Amino acid sequence: GDLSVRLFPQMRRRHDEFSVVAQDFDAMVERLSVLVKAREELLHDVSHELRSPLARLQLATGLARQTPESVNASLDRIDEEARRLDKMIGELLTLSRAEHQSLPDEQYFDLLGLLNAVTNDARYEAQIPGVEILLNADEQQDYTVKGDANLIRSAVENVVRNALRFSLHGQQVIISLHKEHDWLVISVRDHGPGVEADKLSSIFDPFVRVNSPLSGKGYGLGLSIVRKVVTAHQGEVSAVNARDGGLELTIRLPHWVV
């Protein structure tokens with residue numbers, strides 16, 4: 001159970017199979033240590049995030065008992081906190097599913113068709129904030145992807161909704177799809193405040209949130225789900241601040257020729 005043990009420093013002078021085994025053993029233990037630490041941090045973060053809405057639920061029930069005239073307001077608060085808990089638990093289940101569910105062996109789908117569906121939904125949601133959603137893609141190309149269409153759709157929706165949340169009235173969210181060698185590349189670009197440079201590498205970690213008045217009441221799980229889903233499909237995801245403002249997030253998925 002002691003993950004701090006390392007063998008290779010004591011065996012580095014041996015130039016035989018034992019030193020090679022020691023090196024592999026150290027690499028394995030290092031990886032286990034990282035995984036255990038990540039699990040412990042996630043458990044700590046989940047516990048911390050659950051504590052706040054539960055405390056507000058207890059406060060609401062206490063106020064309802066003490067002041068009968070505030071029952072309706074207390075019930076509204078209880079409903080709101082229950083919705084928040086339900087949303088967080090749903091996102092955690094999606095995160096777990098993306099990490100542990102085995103992907104179908106022979107399931108293929110059209111990525112452009114999926115993006116069209118996501119874009120139409122986003123346009124409906126963007127009516128009230130007054131944000132324009134654009135989709136750029138060459139419809140004559142083949143965009144076949146192998147994997148779980150529902151998981152990929154969930155990942156893309158998270159990215160587009162994130163871009164929409166950080167956009168103001170009159171701004172655009174630009175979604176593009178193109179082929180790049182053996183990859184299909186999805187780019188989602190907003191014109192919002194962007195992300196601090198030192199946080200770009202951590203926005204895909206669970207419960208990491210950007211400090212912005214536009215960030216809303218999310219739990220910082222959306223982009224973590226995106227990374228898990230994309231990685232499960234042998235893909236890559238990255239984010240950069242655009243030169244003229246805003247954030248550009250790129251998803252790369254293997255292109256399958258059926």
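Both backbone and side-chain heavy atoms feed into the values below; hydrogens, waters and symmetry mates do not. All values derive from a computational prediction rather than experimental measurement. Heads up: numbering here begins at 1 and tracks the sequence.
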| request: Output the distance between atom CG (Leu3) and atom CE (Met28), rounded to the nearest 0.5 Å. | output: 9.5 Å
| message | Would you compute the distance between atom CD of Glu81 and atom CG of Asp76 and round it to the nearest 0.5 angstrom? | response | 11.5 Å
| In Å, rounded to the nearest 0.5 Å, how long is the span from CG of Leu247 to CD1 of Ile203? | 5.5 Å
| Does the side chain of Val173 reach to within under 4.5 Å of the side chain of Leu134, using non-hydrogen atoms? | no
| request: Answer whether the closest heavy-atom distance between the side chains of Arg165 and Asn162 falls below 4.5 Å. | output: yes
| Test item: His255 and Asp142 side chains (from C-beta on) under 4.5 Å apart, heavy atoms | yes
| field | Between CG on residue Asn150 and CD on residue Glu157, distance to nearest 0.5 Å | value | 9.5 Å
| message | I want to check something: taking the side chain as every heavy atom from C-beta on, are Tyr143 and Asp138 in contact at a cut-off of under 4.5 Å? | response | yes
| request: Run the numbers on Val159 and Ile175 for side-chain contact (heavy atoms from CB on, under 4.5 Å), then give the verdict. | output: CA-CA 10 Å; Val159 174; Ile175 307 167; over 6 Å; no
| So do His191 and Ser167 actually touch side chain to side chain, heavy atoms under 4.5 Å? | no
| Leu112 versus Glu139: any side-chain heavy-atom pair under 4.5 Å? | yes
| Looking only at heavy atoms, which two atoms of Pro9 and Asp26 are closest? And how far apart? | CD-OD2, 3.7 Å
| said: Check Arg56 with Glu80, please: is the shortest side-chain N to carboxylate O separation under 4.0 Å? | reply: no
| message | Any salt bridge linking Arg252 with Glu236? Criterion: basic side-chain nitrogen under 4.0 Å from a carboxylate oxygen. | response | yes
| query | Do other residues, nucleotides or ligands put more than 12 heavy atoms under 6.0 Å from the CG atom of Asp182? | reply | no
| message | Is there a side-chain contact between Arg161 and Glu125 in this structure, where contact means two heavy atoms from C-beta onward sitting under 4.5 Å apart? | response | yes
| task | Apply the test side-chain contact (heavy atoms from CB on, under 4.5 Å) to residues Phe109 and Asp148: give CA-CA distance (whole Å), side-chain angles for both, the deciding distance (0.1 Å), then the verdict. | result | CA-CA 8 Å; Phe109 61 92; Asp148 190 319; over 6 Å; no
| Got Ile251 and Val185 here, is their nearest side-chain heavy-atom distance under 4.5 Å? | no
| query | Looking at NZ of Lys146 and CD1 of Ile152, how far apart are the two atoms once the value is rounded to the nearest 0.5 Å? | reply | 13.5 Å
